Amino acid sequence: MPLVPMRILLDHAAENNYGLAAFNVNNMEQIQAIMAAAEKTESPVIVQASRGAREYTNDAYLRHLMLAAAELYPQIPIAMHQDHGNSPETCLSAIKQNFTSVMMDGSLLEDGKTPAPYKHNVRVTKKVVKAAHAKGVTVEGELGTLGGIEDGHGAGLSAEEARKHLTDPAQAEQFVADTGVDALAVAIGTSHGAYKFTHRPTGDVLVMTVIEEIHRRLPNTHLVMHGSSSVPQELLEIIRQYGGQMKETYGVPVEEIQRGIQHGVRKINVDTDNRLAMTGAVRKVFFESPGEFDPRKWLGPSRSAMQKVCEERMIAFGQAGNAGKITPITCRQMRVFYKK
Ligand code: G3H
Ligand code: 13P
Ligand code: ZN
């Protein structure tokens, strides 16, 4: 089955009240891990690549790896998404490379760091919506600013500053009307990377009520949670056990994500949990077998560790069991939908 527009996966998830994990990829093993998890749990799939991932892999490798996934798993609908496009040019180049969905993150300026004025956000997002919808490609926008700095995408805000940049529900309503995005990423106090919260988060730092209010105002817009790794304590422990250094930290509890899914969240971005799982598995092999030098002996276990995380999220978010229930269509067919 050819790659499908992300919109059809989000629509199916909304109609059936579940969420879809969007996993970041940078290499073959990560794509294999996601697809193996999807096959086992019969889940539709969203694979996403950041700008950094596209640079690291080279678009041609990535494009062919995704074609291989589609060829090997014809029963699974797969959407390929540009994560945090920083400009219309980035999004348009992704579409040229077979991506079926793009995020125009106009909440930040093109440097990916500086919070952008609302007007800038609307201008660049609208431009991408026009070009992408003409090709049947899905668009995710973002309003509000995430707090992380360590991955280069966040605005570098302190927790207190980040609270001032949460999505304003009234402005969200305006933004969707102004731009016509298919999905909206909202800022509710999460950040990218492993160091999100210093304690298990409570409602004052992980502000789920913002999602509830936005969903009340925009019941037909698919909401997206970024920075939504759960940072499981057991994965941190494995890394520490085998010589790694991870400070005390807490992520977004799966139950809070499930609460979000009850209020319009359809896409949940998860990268860090897979990074932690892979790193722990590799450390374990090197610690236990210091003489090992066959990459398959450490890449294989890291792939299995990521597969386990993907399966757990697919089940917890409710996408498991839905792969065969979605009628696949191509981006070309999807163009008609946007002409209406
Ligand atoms: O947006 C954040 C993702 O975790 C991707 O991170 O830019 O290091 O690939 P990256
Ligand atoms: P995590 O760092 O919490 O996995 O978030 C990933 C993300 O939001 C990618 O866009
Ligand atoms: Zn993100």
Side-chain angles (χ1 to χ4, degrees), residues 6 19-27 30-31 33-34 46-59 62 79-87 90-91 94 99 101-108 110-113 115 140-157 162 165 167 183-197 201 205-206 211 223-232 235-236 246 249-254 256-257 260 265-279 305-306 309-310 312-313 316-317:
M6 187 170 77
L20 293 141
F23 298 116
N24 289 74
V25 298
N26 295 274
N27 68 8
Q30 292 179 313
I31 295 172
I34 297 166
I46 302 174
V47 171
Q48 60 186 8
S50 67
R51 277 192 300 142
R54 286 178 61 193
E55 208 173 300
Y56 178 80
T57 50
N58 184 315
D59 279 337
L62 192 56
M80 180 64 194
H81 176 75
Q82 166 77 58
D83 191 23
H84 291 284
N86 64 326
S87 65
T90 298
C91 295
F99 284 58
S101 177
V102 292
M103 174 187 193
M104 177 62 241
D105 182 358
S107 71
L108 302 176
E110 200 167 329
D111 65 5
K113 290 193 180 92
E140 172 184 336
E142 175 167 329
L143 190 67
T145 316
L146 297 194
I149 48 171
E150 68 269 39
D151 55 11
H153 285 306
L157 308 175
H165 289 265
T167 308
L184 180 68
V186 292
I188 54 164
T190 66
S191 55
H192 291 132
Y195 298 102
K196 300 182 193 302
F197 303 110
V205 287
L206 177 60
I211 287 190
L223 303 182
V224 183
M225 281 175 69
H226 280 246
S228 289
S229 276
S230 302
V231 191
L235 293 183
L236 298 176
M246 295 298 305
T249 178
Y250 298 85
V252 182
V254 166
E256 295 298 328
I257 296 170
V265 171
R266 299 296 158 225
K267 173 172 179 276
I268 303 104
N269 285 12
V270 175
D271 187 3
T272 296
D273 284 351
N274 289 324
R275 292 179 176 194
L276 293 172
M278 294 182 88
T279 299
M306 173 161 165
V309 171
C310 294
E312 287 169 1
R313 297 296 174 277
F317 299 164

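Read the numbers this way: they start at 1 and go in the same order the structure lists the ligands and their atoms. Side chains are part of it too, since the values below use all heavy atoms of this structure and drop only hydrogens, waters and symmetry mates. What you see is a predicted model, and the numbers here were worked out from it, not measured in a lab.
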Check whether any N or O atom of [X], backbone or side chain, sits under 3.5 Å from an N or O atom of ligand 2, and answer yes or no.
X: H192; answer: yes
X: G193; answer: yes
X: H84; answer: yes
X: S191; answer: no

Those residues that, when tested against R266, pass salt bridge (charged side-chain N to carboxylate O under 4.0 Å, His left out) (two or more places apart):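 R266 satisfies salt bridge (charged side-chain N to carboxylate O under 4.0 Å, His left out) with no residue once adjacent residues are dropped.
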
Quick check on contacts: which atoms of ligand 1 are under 4.0 angstrom from a heavy atom of [X]?
X: N24; result: 3 (C), 5 (C)
X: D271; result: 3 (C), 4 (O), 5 (C), 6 (O)
X: S50; result: 5 (C), 7 (O), 9 (O), 10 (P)
X: H84; result: 1 (O)

Atoms of type N/O/S from protein, distance to the Zn ion (ligand 3) below 2.8 Å: 3

Test T190 against L206 for side-chain contact (heavy atoms from CB on, under 4.5 Å), laying out the working first. CA-CA 7 Å; T190 66; L206 177 60; 3.6 Å; yes

Verify, without hydrogens or angle tests, whether [X] (side chain) and [Y] (backbone) share a donor-acceptor contact under 3.5 angstrom.
X: T57; Y: N26; value: no
X: S228; Y: H226; value: yes
X: N269; Y: G227; value: no
X: K196; Y: S191; value: yes
X: D273; Y: V231; value: yes
X: T167; Y: A187; value: yes

Heavy atoms, side chains only, cut-off 4.5 Å: are T90 and H84 in contact?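 The answer is no; the side chains never approach within 4.5 Å.
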
With side chains defined as the heavy atoms from C-beta onward, is the minimum distance between P253 and P201 less than 4.5 Å?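 Side chain of P253 against side chain of P201, heavy atoms only: contact under 4.5 Å found.
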
Is R51 close enough and on-axis enough to Y56, meaning under 6.0 Å and within 45°, for cation-pi?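 Cation-pi check for R51 and Y56: fails.
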
Side chain, backbone, both or neither: the part of [X] lying under 4.0 Å from ligand 2 by heavy atom:
X: A194; result: neither
X: V270; result: backbone
X: N24; result: side chain

Please work out whether any backbone atom (N, CA, C, O) or any side-chain heavy atom from C-beta onward of D83 is under 4.0 Å from ligand 1, and answer side chain, backbone, both or neither.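 Looking at D83 and ligand 1, just side chain atoms fall under 4.0 Å.
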
Where ligand 2 meets [X] - atom numbers and elements under 4.0 angstrom, heavy-atom basis:
X: H226; answer: 8 (O), 10 (O)
X: K196; answer: 1 (P), 2 (O), 3 (O)
X: G227; answer: 1 (P), 3 (O), 5 (O), 7 (C), 8 (O)

Partner of S101 under side-chain hydrogen bond (donor to acceptor under 3.5 Å, both in side chains), chosen from H81, E140, Q48: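 Only one option passes, and that is H81.
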
Do you know the tightest heavy-atom contact between A194 and T249?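 Here A194 and T249 meet closest at O-OG1, 2.6 Å.
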
Does R275 come within less than 4.0 angstrom of ligand 1, counting non-hydrogen atoms of the residue? yes

Check the pair M306, I34 against side-chain contact (heavy atoms from CB on, under 4.5 Å), reporting the backbone distance first and the verdict last. CA-CA 8 Å; M306 173 161 165; I34 297 166; 3.6 Å; yes

